[in-house]
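Shown next, in structure tokens, is the structure this report addresses.
Just so it is clear, the model here is predicted, and its values are computed rather than measured.
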2 protein chains.
Amino acid sequence: MADKQFQSLPGFRDFTPRDCAVRNYLFSVWRDVAHRYGFSEYEAPIVESTDLYLKKSGGELTTQLFRFEDQGGRDITLRPELTASLARIVGANQRDFPKPLKWFEIGPCFRYEKPQKGRGREFIQFNADILGEGSASADAELIAMAIDTMLSLGFREGDFVIRASDRESWLFFCETHQISDPAAFLPIIDRLEKLKPEAVDAQLEPFGVTRKQVDAFINDPENASPAFREIQNNLEARGLGKYLELDLTIVRGLAYYTGAVFEIFDTHKSMRAVAGGGRYDGLLSTLSNGSADLPATGFAMGDMVIRNFIEETPNALLEMEAWMARNPACDVYVVIADESKRNEALGIIAKLRTAGISVDFGMSQLNVGKQFKKAQQSGARFALVIGAEYPEMQLKILSSRTEATIHPNTDIVEAIQDHLNSPDGPLIA
Amino acid sequence: MADKQFQSLPGFRDFTPRDCAVRNYLFSVWRDVAHRYGFSEYEAPIVESTDLYLKKSGGELTTQLFRFEDQGGRDITLRPELTASLARIVGANQRDFPKPLKWFEIGPCFRYEKPQKGRGREFIQFNADILGEGSASADAELIAMAIDTMLSLGFREGDFVIRASDRESWLFFCETHQISDPAAFLPIIDRLEKLKPEAVDAQLEPFGVTRKQVDAFINDPENASPAFREIQNNLEARGLGKYLELDLTIVRGLAYYTGAVFEIFDTHKSMRAVAGGGRYDGLLSTLSNGSADLPATGFAMGDMVIRNFIEETPNALLEMEAWMARNPACDVYVVIADESKRNEALGIIAKLRTAGISVDFGMSQLNVGKQFKKAQQSGARFALVIGAEYPEMQLKILSSRTEATIHPNTDIVEAIQDHLNSPDGPLIA
């Protein structure tokens, strides 16, 4: 009984401090990379009118919605993704913003699906989009940011690769093979690696092409589109060309993609995509009945798969742990060795905190040994001991168990800041 | 038609970049203060089993829930507040964490109420709690953090005050006046300022006390509880005593508060509380059927009222605008004055970004004048002009319209970092 009531709903996660720190590390890297690329952050509501999603996807997504009626009788949905809201917001405000827009968002999304490794009912998505720029240079800018996201997370060449394609290549294929309904044909390409060979043959047959023709098309690099080549050249100029691979099997499942499409692949487990995106030039127009018609390209990365990938990749794990070590719960733990000096200690604590130093202490009376134990648990680098000899104090470096006396005439804030800024520096005299 | 479909649902907000920057400013101050006080961040799911809230509040809240049935037939609710989740999570994991816990959370909450100024159906709450410490020193630590939150937001003495009380004072009043059901009596005190005098008299009558007796009790500072006095002394020792006022009319609406309670008041508009909190020692036990019985004290601040208060208070507004000026969308805008040098420009852009500098540029060919216009719009401090004379470049300071030549042998990253770190420093030769 007690156990069940302490559980979150299936597929929903509790971020206790350690998990929340991992989440904050992802947020920090995502925001930093987006900022370096000149993207501005926005945030959409978590709940939207269901219409917005029905209009956009029409496919698989709509069976996975957290959809309900609110107290006012509205048909509303917890957002399953962020692009529909982006299109709505830009549609409403587009005249206020010079084009192109480079916008990003980080926030929770909700899908009712079977919870499993790397997949939950509530997950966090990092979404970056460039609106109002139709050339392949926008796709290149976005893919460069995706690559830099991976590098900033500590992944290296050989850990991941961007597999990119262009729906234009397949539209050309459809044209040369008289396939009149590419929208029906593309999903077969999307599922090529998931289907059995016989199933592929059976599905291709009505279109009058064979698996052999499709394979030959995929394996010939000459079928790269002009946009793909432009992206490739652009990334070469940035020194990022080595992370890009042409892969014509990448077409992305959703119907609204119109041009270049790409996925970031974990090269250690070849079938796992950790992020993906592409060009969706028609979507904004569809969602706005033509009143906001901007070309667009975007990419999204979820927090669950990337976290697993980080934890399986030594370089990336090291990078994350280093970030955590630089961001402990507190810097200084104040040990009150003489309870009659508690008010003086409170004054010092207030002074340090006002100077921006993170300080914790025992709120009720405890013996000194227990206070030191709590100092260790807190992750603090220093223990500042305030006792009978106050205003003289002792500063202990918890990792090395060395200590120094803080003389009454020392500026305590300055002394501690010096230590924080040079962790291995000499002790103050 | 187009208009309506571009709107968010009533009571839900779109955070376009300017609004999102305001939100991020609040997040930044909240996180910074919580960190200085040694609080660790956690995050609960946005959706919880409805039971959790029915069990906790039983009152007003339950008519305002975004409550629905999921595809698996579960009765689920978008969280209306954060404390119930906190109690659930700590109940599940309490053995993993040394006590006391100092935890905070920042995230969206949902209530179906009439949207109005300072009140939406989706709002963001900053919640900080201390669990496992029953003494008034924990209440003092929490109130000190609340005060420092206000000071860090740029509010000053005279802009706000903490009005605090203690339910123990009223339990003492009930005892001396033979009021056997304090839980029925306290809500009258909570509504004293909202009710008409005749209504107060009528409501007090069944309890055998008069408005005069109640007023006399409220106006006598001798009725401050021992816990209130301890909080007062503790805050004095921190130099924060001047922000605290005894106000026995503060009892807080919710039934689960057990001890010290407080609200932060805007002193310019006397009736507006911008945050509040208090001690709720019994709640964790109630929610866990007694298996996790920790004393607790917590406080919450919503983003909507505090934003209004900031925008109405010159000091606080200035502080926010200074933060925004320090956090522009980008630092450097690269102007490509000669399209044949685009690849070289991409190389420089990649180099600057890798060094942590935020860079934007025109993705498609534009004349130089238009690129400078975009540089201005971007908020960048510098325009780096790359043209025919590359590898010589020009660096323009956009605010002063002064410029300097970057010679081919200059380290471009270092040169720009020097400028970023000393905005008014001399130009490089």
Side-chain angles (χ1 to χ4, degrees), chain A residues 2 6 8-9 12-17 20 23-24 35-38 40-49 66 68 70-71 74 76 88-89 91-93 98 100 108 112 122 133 135 137-138 141 234 237-239 288-289 291 329-330 343 346-347 350 353 356 358-360 363-364 374 377, chain B residues 2 6 8-9 12-17 20 24 35-38 40-49 66 68 70-71 74 76 88-89 91-93 98 100 108 112 122 133 135 137-138 141 234 237-239 288-289 291 329-330 343 346-347 350 353 356 358-360 363-364 374 377-378:
Chain A
F6 284 145
S8 56
L9 289 162
F12 288 82
R13 289 173 292 170
D14 294 335
F15 291 89
T16 52
C20 197
R23 187 204 69 162
N24 284 355
H35 180 63
R36 281 191 272 139
Y37 274 75
S40 296
E41 188 169 0
Y42 74 100
E43 174 63 305
I46 282 170
V47 186
E48 293 272 15
S49 176
F66 275 93
F68 61 107
D70 77 4
Q71 293 191 35
R74 294 173 198 86
I76 66 178
R88 182 182 61 67
I89 294 172
N93 301 284
Y112 194 86
E122 178 179 18
E133 175 58 59
S135 77
S137 64
E141 173 81 345
N234 186 305
R238 300 171 192 244
S288 67
N289 296 332
S291 72
C330 87
N343 279 353
L346 288 170
R353 285 172 171 170
S358 163
V359 185
D360 205 359
M363 287 173 286
S364 55
K374 290 200 173 292
Q377 289 168 337
Chain B
F6 283 144
S8 56
L9 289 162
F12 288 81
R13 290 173 291 170
D14 294 335
F15 291 89
T16 52
C20 197
N24 284 354
H35 180 63
R36 281 191 273 140
Y37 274 75
S40 296
E41 188 168 359
Y42 74 100
E43 174 64 304
I46 282 171
V47 185
E48 293 271 16
S49 176
F66 277 93
F68 60 108
D70 77 4
Q71 293 190 35
R74 295 174 197 85
I76 66 179
R88 182 183 59 68
I89 294 171
N93 300 283
Y112 195 87
E122 178 180 17
E133 175 59 59
S135 77
S137 64
E141 173 81 345
N234 186 304
R238 299 171 192 244
S288 67
N289 296 332
S291 71
C330 87
N343 279 353
L346 287 171
R353 286 173 171 171
S358 162
V359 184
D360 205 0
M363 286 173 286
S364 54
K374 289 201 174 290
Q377 289 168 337
S378 75

Chain B contacts, top residue of [options] (heavy-atom pairs, under 4.5 Å):
options                            : answer
A:Ile76, A:Thr16, A:Asn234, A:Leu9 : A:Leu9
A:Lys374, A:Arg23, A:His35         : A:His35
A:Gln71, A:Glu133, A:Arg238        : A:Gln71
A:Ser364, A:Gly347, A:Pro100       : A:Ser364
A:Gly38, A:Ala237, A:Ser49         : A:Ala237

By ring pair (Phe, Tyr, Trp, His ring centres under 6.0 Å), which residues pair with B:Phe12, not counting sequence neighbours?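 Counting only residues at least two positions away or on another chain, B:Phe12 forms a ring pair (Phe, Tyr, Trp, His ring centres under 6.0 Å) with B:Phe66.
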Partners meeting ring pair (Phe, Tyr, Trp, His ring centres under 6.0 Å) with A:Tyr37 (sequence neighbours left out):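 With neighbours one apart ignored, the set is empty.
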Distance in Å, B:Glu43 CD paired with A:Cys20 SG, rounded so as to fall on 0.5 Å steps: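 The distance works out to 6.5 Å.
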Selection from [options] maximising heavy-atom pairs under 4.5 Å formed with chain A:
options                              : value
B:Pro108, B:Ala329, B:Gly239         : B:Ala329
B:Ala138, B:Ser378, B:Ser40, B:Ala92 : B:Ala92
B:Gln377, B:Glu141, B:Arg13          : B:Glu141

Could you tell me if the side chain of A:Val47 sits less than 4.5 Å from the side chain of B:Glu122, heavy atoms only?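 No - every pair of side-chain heavy atoms lies 4.5 Å or more apart.
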Name the region of B:Ala44, side chain, backbone, both or neither, that has any atom closer than 4.5 Å to a heavy atom of chain A.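 When you check distances to chain A, only backbone atoms of B:Ala44 fall under 4.5 Å.
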Under 4.5 Å from any heavy atom of chain A, what part of B:Asn93 do you find: side chain, backbone, both or neither?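 Only the side chain of B:Asn93 comes within 4.5 Å of chain A.
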[X] side chain to [Y] main-chain N or O, any donor-acceptor pair under 3.5 Å?
X        : Y        : value
B:Arg353 : A:Arg36  : yes
B:Arg88  : A:Phe6   : yes
B:Ser137 : A:Met363 : yes

